[in-house]
Each structure stands twice: as C-alpha cells, then as structure tokens.
Student: 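Before I ask anything, here is the structure I am working with.
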Amino acid sequence: MTDSAGEAARFLTRNAVDALPEGELERQLAKGRPLRVKLGVDPTTPDIHLGHTVVLRKLREFQELGHQVVLIIGDYTARVGDPSGRSSIRPEANPAEIDGNALTYEAQAFRVLDRDATEVHRNGEWLDMPMEDLFRLARSSTVAQLLERDDFAKRYSAGEPISVLELLYPLMQGYDSVAIRSDIELGATDQKFNVLLAREVQRSYGVEAQSILTMPILPGIDGVQKMSKSLGNYVGVNDSPEEMYGKLMRVPDAAMPTYYELLLDDPLEPSVPPRDAKRALARALAARYHGEQAAAATAERFDAVHIRHELPEQIEDFAFAANGDAVHLPALLADAFGVSRSEARRLLGQAGVKLDGEALDESALDLPAERLDGAVIQLGKRRHKRLRRR
RNA sequence: GGGGGGAUGUCCGAGUGGCUAAAGGAACGCGGCUGUAAACCGCGUGGCACUGCCUACGCAGGUUCGAAUCCUGCUCCCCCCA
C-alpha cells in the first residue's frame, strides 16, 4: 500500500460518514487502476438542489483523481420509488414525467461533474428484464434481510404498509452495481442500507463487492429537515442568483458549519462572525453557479433592499384592469401574487401589504386606480410588483 | 377464508348527535425585535359577492329539526388466525 493511496483515501473520506468496509477504499486505490465509482439518482423531481451536490461534489473529487464516474439515472427505479427514509408508500411515478426529469437531471448534474469523464446509463437498460432474470435477482436476498433496514423495521412494527415492490427496490439498486461492475458506490447516509445490500447482490452474481462511501445529508434552509424539494426547503442549482442568495441568507446560523463543510472547499473559520460567514457562503455559491460578476451584483442588490431598505432593482410589472375608478384590493392582490382573496384580506388586516412602502389597512379595500398606477405593491417582506393600469 | 381495528384540515392528532370552520401540537404566513439567523412576543392560516353565505371530517346514500359523530352499502389500509 503506497502512501499516496493512503493520502487519497484520507482526502476522499475527510467529510464522509461511512467508508466501508474499513480500509477497503485505500486497498482499492492502492491497486493503481481507475476505480469505477457509482452514483445512482432517481429522477423523481426535475431539479437538482444543493443537497444533491454534496455527493456530486464527492464524485467530482474522484474524477479529478482520475477515476471513472458512472452516473446511473434511475428511470426504472424511479418508477418504484426509493423507500429510504419514507414512512409511507409513494404514489406511483409517471413514466413520461420521469423521462423529462431524467434529461434535466443529467444536464444539471454536469454543472458539478465533468461531462467528458462521466459514463451515463439509464437503469432501464438492464432492469427491463424477463421474469426469469427477476427470479435470479429476487433470490439474492431474504425478507428478513430486507426488513432489517431501519425504515422498513419502523413501518413494519408501527403497522404501516410496505409493498412488495418497495421491498424489491434495494435489489434493483444492487443489480445496477452488478450491471456496471462498480468498485465503489457513493450515496447520502440514507442510502447506507441500499449501497451495502448491493454488496450482497454482487456476491450472489459472483462479481466483486463494491465498497461504499456515504456523505452527510445537507439540511435544508430551515436548518432542520433534510434538503428536499417536497419540503420546499431547497436551493436549486438552477435557481437564479437572487433566489440562491436570498434563500441561503435564511439558513439558520447553526447550520453554517455543515454548509461550509459539505458545500465549500474551505472550512468555516470560527472567528468569522456568523452573519459574515453566511454572506460569504451565499456569495460563494451564487458565484459557483452563476459566475463571480452575477454574484457580486446580487450581493449588492441584497444589501440595497435589505440593509438600506431600497426597493429591488427589478420589479415585475403587474397590469391591472380598472373599469371604474376604484380597484378592489383583495382581487388585485389575489391576481398579482396568486393568493386567495380571503388570504389577501387577512394580510391587509395584519399590515402585511405595503403600497410604495406604506402599510395599507383593511379599512380601505378599494383604492382609486390613479393611486395604484405606477406604484409598487409589496406583500410581506419579499414579494413586490409594480402596478400598471392596463 | 375467518376475526379485530382504522380512514378528520398541509402533517400529526382530539372529538361519538347541537355550544365544531372542527381542541392541541407541528408547519407555514404577517407584524414586532433582528443579521431575510436563533430565541422571544402578538396575530393569523378553507373559500367567497365577508357584520353574512358556501364548502369541509375516505366515497355514496339514509335517519334526524340538526350528523365528523347514528344506520346501510362501497373503497382503501393495518393486525391476528388460516
């Protein structure tokens, strides 16, 4: 075992949770040949967010060390739905939607990965198998083994349903490893069971078992739950610089060390005040996905709006119709911001609506059109529209 | 195949004939304080033609002056036995 293998292994595992079996990665690296590094993603949502980039960045590190990254777009497994971390059965995913997502997924993944050094497969290539092959696959594990997994065990003992299809999911993922002959599989910690079970599946097919490397899960911008699209606490890699910056500024301080460790190359200096650390993070990530210039402009605009309380530079116009002189505010707000009229009324009653910076109150539900024309109407802290009479 | 239990708002979860647009919690929104942080305080969270009306407690019917609550059928889920 050479020093360089040990060094590389230490580097690659520095912010990982598990690298199993113990020492295996170093042994693999010491062989001196490029490793086949697997990552499987199910295109269940069209967007990649910063949470996904944690593992993608790790993959990128492998790439930069000369290893072969194999990205598997789980078009077939997406139709089953990964039960990991789930407490209930997923609704069946729609194949057409999955195909669409797969394309955008791939494109977005290459904002982190080097396209030329990445092998991409759809697992439909091999999972669309005859029943006979499924028999073989289904024999590679046992119900007891599958039920050992934490989320299944919980659901089972809580008397919640587990479908047979879900039980099959880890086997399908494991077969991916057989199909591409992976040396190592990456995943977030919630994938630990799946990636470990793949070792069993590989053995049962007589191929060498992969090692595994799991990464921590990035909390969402609420700082508590994992970042996920369905929880609405995510920052998408395709978000505009303003969205990225603004969302990241809402992340609680407590999550900063984790964000730094998982998303940036340099660790968080403890001496940096939390607010500055967060600004630097927001700035760095906006720059990563949109360039230094856009990031600088975004930061400047953010300060203008939130520190100097100026209006945002760009405010979308909203054309309103006024067929008399008076305009009914709840209706206007409902149309402009996509809230219900009832909600608009409530917000008016809570001083949550401002016209050119001044709070409106619910005593005046109708305002003259001329007062509105050209004015900026603001809902809460962050939603603005410039009104134009149609 | 037999027996038992269950389905309530974004989620969890109370509620077994009127006082229930439905307790409580979580989540979220608005306001205050602030750093679009945390903590804390206040208000709010079905819709609308809004001092009122409409819709809502798995689905469809029924009983009743009145049903989330009672009855019938159906759908789905869980457990035990086989």
Side-chain angles (χ1 to χ4, degrees), chain A residues 85-92 147 152-166 219-226 228-235 239-260 268 272-283 285-286 298-312 324 326-335 337-355 357-366 377-384:
Chain A
R86 287 272 151 174
S87 54
S88 55
I89 293 182
R90 286 195 179 204
E92 198 175 317
L147 282 179
F152 281 156
K154 276 194 191 124
R155 281 162 66 178
Y156 192 67
S157 62
E160 278 155 15
I162 301 166
S163 76
V164 174
L165 189 58
E166 287 180 284
I221 59 173
D222 58 354
V224 180
Q225 306 205 70
K226 75 172 198 172
S228 99
K229 177 143 184 171
S230 55
L231 293 173
N233 62 359
Y234 72 105
V235 180
D239 278 357
S240 70
E242 288 76 20
E243 282 174 302
M244 272 191 187
Y245 198 95
K247 285 178 179 177
L248 288 166
M249 287 304 281
R250 298 175 71 184
V251 174
D253 292 351
M256 272 309 108
T258 310
Y259 268 62
Y260 266 73
L268 176 60
V272 178
R275 188 179 59 105
D276 298 338
K278 189 168 2 179
R279 289 170 61 85
L281 173 94
R283 172 78 177 262
L285 289 171
T298 297
E300 163 52 28
R301 274 198 293 273
F302 183 88
D303 289 352
V305 173
H306 296 287
I307 295 180
R308 301 195 296 274
H309 300 291
E310 296 164 14
L311 286 173
V327 174
H328 191 55
L329 279 176
L332 177 78
L333 290 165
D335 291 347
F337 295 105
V339 297
S340 76
R341 293 183 184 202
S342 301
E343 193 178 351
R345 275 169 190 271
R346 273 181 237 124
L347 289 166
L348 281 164
Q350 294 176 141
V353 182
K354 290 190 184 121
L355 189 66
E358 273 183 59
L360 298 171
D361 67 276
E362 58 188 334
S363 63
L365 289 183
D366 299 277
I377 196 153
Q378 181 179 349
L379 198 66
K381 282 199 180 82
R382 329 181 245 282
R383 287 172 281 184
H384 303 81

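To find a chain, count down the sequence lines: A is the first, B the second, and so on, and within it residues start at 1. Below, all heavy atoms of this structure are taken into account, side chains as well, without hydrogens, waters or symmetry copies.
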Student: Check whether any side-chain heavy atom of A:Val339 lies under 4.5 Å from a side-chain heavy atom of A:Arg383, and answer yes or no.
Tutor: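 A side-chain contact under 4.5 Å exists here.
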Student: Residues two or more places apart in sequence or in another chain: which of them pass side-chain contact (heavy atoms from CB on, under 4.5 Å) with A:Ala280?
Tutor: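 A:Ala280 satisfies side-chain contact (heavy atoms from CB on, under 4.5 Å) with A:Tyr260 only.
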Student: A:His328 or A:Lys247: which one's nearest nucleotide on RNA chain B is closer to the 5' end?
Tutor: A:Lys247
Student: Atom CZ of A:Arg346 to atom P of B:rG44: distance rounded to whole Å?
Tutor: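 Interatomic distance, CZ of A:Arg346 to P of B:rG44: 11 Å.
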Student: Take atom C1' in B:rU20 and the same atom in B:rA68, then report the distance between them in whole Å.
Tutor: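 9 Å, rounded to whole Å.
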Student: Take atom CZ of A:Arg341 and atom C1' of B:rC48, then tell me their distance rounded to the nearest Å.
Tutor: 8 Å
Student: Between atom CD of A:Glu343 and atom CZ of A:Phe337, what is the distance when rounded to the nearest 0.5 Å?
Tutor: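 Reported value, rounded in 0.5 Å steps: 11.5 Å.
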Student: Say we look at B:rG13 and B:rG18: how far apart would their C1' atoms be, to the nearest angstrom?
Tutor: 24 Å
Student: Can you name the residues that form a side-chain contact (heavy atoms from CB on, under 4.5 Å) with A:Val305, not counting sequence neighbours?
Tutor: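 Expected list: A:Pro312.
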Student: Report the distance from atom CZ of A:Arg345 to atom P of B:rG47, rounded to the nearest whole Å.
Tutor: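 These atoms are roughly 12 Å apart.
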Student: Contact class for A:Lys278 (heavy atom, under 4.0 Å): base, sugar-phosphate, or nothing?
Tutor: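 Touches a base.
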Student: Can you tell me the distance, in whole Å, between the CG atom of A:Asn233 and the P atom of B:rA26?
Tutor: 18 Å
Student: When rounded to the nearest Å, what value does the distance between C1' atoms of B:rA21 and B:rC57 take?
Tutor: 11 Å
Student: If the condition is salt bridge (charged side-chain N to carboxylate O under 4.0 Å, His left out), which residues does A:Glu300 pass it with, not counting sequence neighbours?
Tutor: A:Arg308
Student: Could you work out the separation of B:rC70 and B:rG17 based on their C1' atoms and round it to a whole Å?
Tutor: 8 Å
Student: Going by modelled atom types, is there a donor-acceptor pair between the base of B:rG35 and the side chain of A:Asp276 at under 3.5 Å?
Tutor: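 When only heavy-atom distances are counted, A:Asp276 does not reach the base of B:rG35 through any donor-acceptor pair under 3.5 Å.
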Student: For A:Arg283, give me all partners under salt bridge (charged side-chain N to carboxylate O under 4.0 Å, His left out), at least two apart in sequence or on another chain.
Tutor: A:Glu292
Student: Between B:rA67 and B:rU63, how far is it from one C1' atom to the other, in whole Å?
Tutor: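 These two C1' atoms come out 10 Å apart once rounded.
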Student: May I ask you to evaluate whether A:Arg308 reaches the phosphate of B:rG35, defined as a side-chain N or O under 4.0 Å from OP1 or OP2?
Tutor: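 No, outside the criterion.
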Student: Between which residue ranges does RNA chain B form stems of three or more consecutive Watson-Crick or G-U wobble pairs, both distances under 3.5 Å?
Tutor: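 So the stems come out as B:1-7 with B:75-81, B:10-12 with B:24-26, B:27-32 with B:40-45, B:46-48 with B:52-54, B:58-62 with B:70-74.
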Student: Sequence neighbours left out, what passes salt bridge (charged side-chain N to carboxylate O under 4.0 Å, His left out) with A:Asp303? Give chain and number order.
Tutor: A:Arg279
Student: Measuring to OP1 and OP2 of B:rG46, would you say a side-chain N or O of A:Ser340 lies under 4.0 angstrom away?
Tutor: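 False: A:Ser340 side-chain N/O out of range (4.0 Å or more) of B:rG46 OP1/OP2.
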Student: Say you draw a straight line from CG of A:Leu329 to CD1 of A:Ile377; how long is it, rounded to the nearest 0.5 Å?
Tutor: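 So the gap between those two atoms works out to 5.5 Å.
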Student: Choose from B:rG35, B:rG47, B:rA38 the nucleotide whose nearest atom is closest to any side-chain atom of A:Pro252.
Tutor: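 The answer is B:rA38, which lies nearest to the side chain.
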Student: With A:Glu242, which residues qualify under salt bridge (charged side-chain N to carboxylate O under 4.0 Å, His left out), at least two apart?
Tutor: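 In terms of salt bridge (charged side-chain N to carboxylate O under 4.0 Å, His left out), with neighbours along the sequence ignored, A:Glu242 is linked to A:Arg301.
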Student: Over how many whole Å does the gap from A:Asp366 atom CG to B:rC50 atom P extend?
Tutor: 10 Å
Student: On a whole-Å scale, what distance lies between the C1' atoms belonging to B:rC12 and B:rG62?
Tutor: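 About 33 Å, rounded to a whole number of Å.
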Student: So A:Val235 and A:Glu243, do their side chains get closer than 4.5 Å, heavy atoms only?
Tutor: no
Student: Take atom P in B:rA39 and the same atom in B:rG58, then report the distance between them in whole Å.
Tutor: 35 Å
Student: Take atom P in B:rU51 and the same atom in B:rC41, then report the distance between them in whole Å.
Tutor: 34 Å
Student: A:Ile307 has an atom CD1; how far is it from atom P of B:rG35, in whole Å?
Tutor: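 Rounding to the nearest Å, CD1 of A:Ile307 and P of B:rG35 are 9 Å apart.
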Student: Could you say whether A:Pro330 or A:Gly246 is positioned toward the 5' end of RNA chain B, judged by the nucleotide with the nearest heavy atom to each?
Tutor: A:Gly246
Student: For nucleotides 27-33 of chain B, just jot down a letter per nucleotide in 5' to 3' order: B, S or -, based on protein non-hydrogen atoms under 4.0 Å.
Tutor: --BSS--
Student: Enumerate, atom names and distances included, each donor-acceptor pair closer than 3.5 Å involving a side-chain atom of residues 244-258 of chain A, sequence neighbours excluded.
Tutor:
unit_1   : atom_1 : unit_2   : atom_2 : d
A:Lys247 : NZ     : A:Tyr234 : O      : 3.1
A:Lys247 : NZ     : A:Asp239 : OD2    : 2.8

